[in-house]
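Here's the structure we're looking at; comments come further down.
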Amino acid sequence: KDLRAQPLIVNGVIHKTPDGRIRYDGLQASDAARAAAGIAGTNIPATRDMLVYNTDEGKGYVFGVGLSKDFDFGLGASIGYARQRLDEETSGGRFGTTAGSLYASQSTGLDFNRDAYGKGYEEVSDRAKFELNYKHEFIANHPTRFSLFGETRTGRPVNATMGSASRDRSTTFGVNRSAYLLYVPDIAGDTNKTDLQIGKVFFDSAATRDNFVNAVNKFDLGNDTIVGKGSIKNPDVNQLDLQISQEFPGLTDGHKFKVVLDVQNVLNLVNNKWGIVEEYGSTGSGQGNNRIVDAACANAAGVASSASSAVCDTYRYSNFSSTATTRTINNDRSLWYAQ
């Protein structure tokens with residue numbers, strides 16, 4: 001977390017964002033102007049003092065079961081099923097190499113200055129596998145083996161997030177990060193479907209409003225809520241691997257050598273439209289976030305607040321991501337490999 005991030009206090013009261021989260025101080029005003037407006041403290045710099053801290057939050061379990069059978073004529077078969085649940089807070093370790101990148105790319109939850117707690121980015125909630133093996137001695141005492149390994153698994157979870165148009169320390173959220181768990185306004189209670197307001201959120205255009213509502217419905221993100229970590233589930237993944245091996249006589253008695261061919265994702269080798277892993281957001285680059293819109297503070301009429309204003313009666317949503325509801329191919333996980 002960033003030790004320089006301080007709650008925004010105006011006239012002795014800690015300010016909160018429209019969805020109820022504590023707002024940190026990122027206002028861009030002189031110390032004199034801040035004092036005149038009743039804002040406690042001095043101007044907060046954009047730079048950060050990073051602190052690594054421990055947490056006692058985190059839990060997970062994996063349940064697995066399998067069956068196998070071998071037949072006398074050389075065929076072997078096995079099937080297996082595994083179920084996993086993983087909750088974690090500090091899931092930033094895989095997303096950067098410096099304190100700044102580890103901090104900036106993680107989604108924040110109820111506290112903008114901490115990683116969100118919830119579903120782990122690498123959770124595979126359900127996975128089924130099968131294996132078929134056939135062994136035959138085309139060369140006496142030197143078996144040939146053919147093995148197929150099939151897997152179907154649920155896709156990795158993704159965060160639905162909102163960003164900030166501000167650079168450096170956000171004037172809306174008060175921290176220097178890039179992803180904040182999305183707030184979904186009260187769409188179900190909206191009585192006027194034609195204006196640009198839905199509950200505590202105003203939209204910069206009808207297109208942003210309609211695209212936002214469509215994304216909420218597509219991903220079933222809830223209503224009048226801060227969406228949970230990992231609320232978007234990527235499509236299921238189906239892949240097949242192949243191994244062929246052949247033993248040969250060695251150069252001396254009692255020794256053998258083996259030649260092995262492994263083909264990963266053999267379906268993609270057969271047809272380049274098969275074995276594809278498609279994911280939402282930036283999961284292909286490892287971030288696990290899907291930015292839906294940018295959010296800014298606004299007054300009760302939906303007019304965006306200036307960088308020096310502490311007013312945050314509502315959110316103003318803009319810059320709907322054109323790729324938010326579009327899956328992209330994760331090339332690293334889709335290509336076939338042979339060795």
Side-chain angles (χ1 to χ4, degrees), residues 1-49 100 103-104 107-114 161-186 190 192 195-209 211-212 224 226 289 291-321 324:
K1 61 183 178 181
D2 176 12
L3 292 180
R4 293 201 183 194
Q6 300 296 321
L8 177 60
I9 300 176
V10 183
N11 295 323
V13 178
I14 296 178
H15 264 224
K16 295 185 177 181
T17 52
D19 52 30
R21 286 180 271 191
I22 292 177
R23 186 182 177 195
Y24 286 87
D25 189 351
L27 301 184
Q28 300 173 5
S30 67
D31 292 343
R34 291 165 60 86
I39 302 173
T42 58
N43 193 34
I44 308 297
T47 53
R48 299 168 292 193
D49 287 336
Y103 174 83
S107 290
T108 66
L110 300 181
D111 186 339
F112 293 127
N113 198 28
R114 294 185 62 154
T161 65
M162 54 188 182
S164 173
S166 303
R167 300 182 63 183
D168 300 322
R169 190 174 296 278
S170 168
T171 58
T172 299
F173 306 109
V175 293
N176 191 342
R177 310 187 81 157
S178 59
Y180 312 86
L181 289 182
L182 181 70
Y183 169 70
V184 177
D186 187 9
D190 185 27
N192 187 345
D195 67 357
L196 297 180
Q197 181 181 10
I198 301 179
K200 302 173 185 176
V201 173
F202 285 84
F203 297 87
D204 68 333
S205 68
T208 300
R209 177 200 62 203
N211 287 326
F212 178 86
D224 192 20
I226 300 169
N289 296 320
R291 187 190 69 82
I292 309 296
V293 290
D294 284 336
C297 281
N299 63 17
V303 179
S305 301
S306 67
S308 61
S309 173
V311 174
C312 200
D313 301 319
T314 62
Y315 278 132
R316 182 176 175 85
Y317 284 176
S318 61
N319 299 325
F320 178 83
S321 172

Step by step, work out the ring pair (Phe, Tyr, Trp, His ring centres under 6.0 Å) result for Phe202 and Tyr315. CA-CA 6 Å; Phe202 285 84; Tyr315 278 132; over 10 Å; no

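Panel note: side chain Arg114, backbone Thr108; no donor-acceptor pair is recorded below 3.5 Å. Judged by distance alone, the side chain of Asn113 and the main-chain N or O of Asp2 form a donor-acceptor pair under 3.5 Å. Looking only at distances, no side-chain donor or acceptor of Asn11 sits under 3.5 Å from a matching main-chain atom of Val13. Not a single donor-acceptor pair under 3.5 Å links the side chain of His15 to the backbone N or O of Ile22. Looking at Gln6, its side chain never comes within 3.5 Å of a backbone N or O of Leu8 through a donor-acceptor pair. Judged purely by atom type and a 3.5 angstrom limit, Arg209 has no side-chain atom pairing as donor or acceptor with the backbone of Gln197. Proximity of a side-chain donor or acceptor of Arg169 to a complementary backbone N or O of Gln28 within less than 3.5 Å is not detected. The backbone N or O of Ser318 lies less than 3.5 Å from no partner atom in the side chain of Thr208, so there is not a single donor-acceptor pair.
Separation of atoms CG (Asp190) and CD1 (Ile198) is listed at 5.0 Å; rounding is to 0.5 Å.
You'll find the side chain of Arg23 stays beyond 4.5 Å of the side chain of Phe173, heavy atoms only. Side-chain atoms of Ile9 and Ile39, non-hydrogen and from C-beta on, never get closer than 4.5 Å to each other. Side-chain contact between Val311 and Ser305 is present, with at least one heavy-atom pair separated by less than 4.5 Å.
At a cut-off of 3.5 Å, with distance as the only test, a side-chain donor of Arg4 or Thr47 sits close to an acceptor on the other residue. For Tyr24 and Asp111, the side-chain atoms include at least one donor-acceptor pair closer than 3.5 Å.
When the side-chain contact (heavy atoms from CB on, under 4.5 Å) test is applied to Ala33, the partners found at least two apart in sequence or on another chain are Ala29, Ser30. Applying the side-chain contact (heavy atoms from CB on, under 4.5 Å) rule to Asn192 yields the partners Thr194, Asp195; only residues at least two apart in sequence or on another chain are considered.
Figure legend: cation-pi geometry between Arg48 and Tyr103 absent, as NZ or CZ is not positioned both under 6.0 Å from the six-membered ring centre and within 45° of its axis.
Test Asp224, Thr17, Asp19 against Tyr183 for side chain to side chain donor-acceptor pair (under 3.5 Å) and you get one pass: Asp224. In summary, of the residues considered (Thr161, Thr172, Asn289, Val175), a side-chain contact (heavy atoms from CB on, under 4.5 Å) with Tyr180 occurs for Val175 alone.
The stretch residues 291-301 participates, sequence neighbours left out, in these side chain to side chain donor-acceptor pair (under 3.5 Å) pairs: Arg291-Asp294, Asp294-Asn319.
When ring centroids are compared, Phe212 and Tyr317 come within the 6.0 Å threshold.
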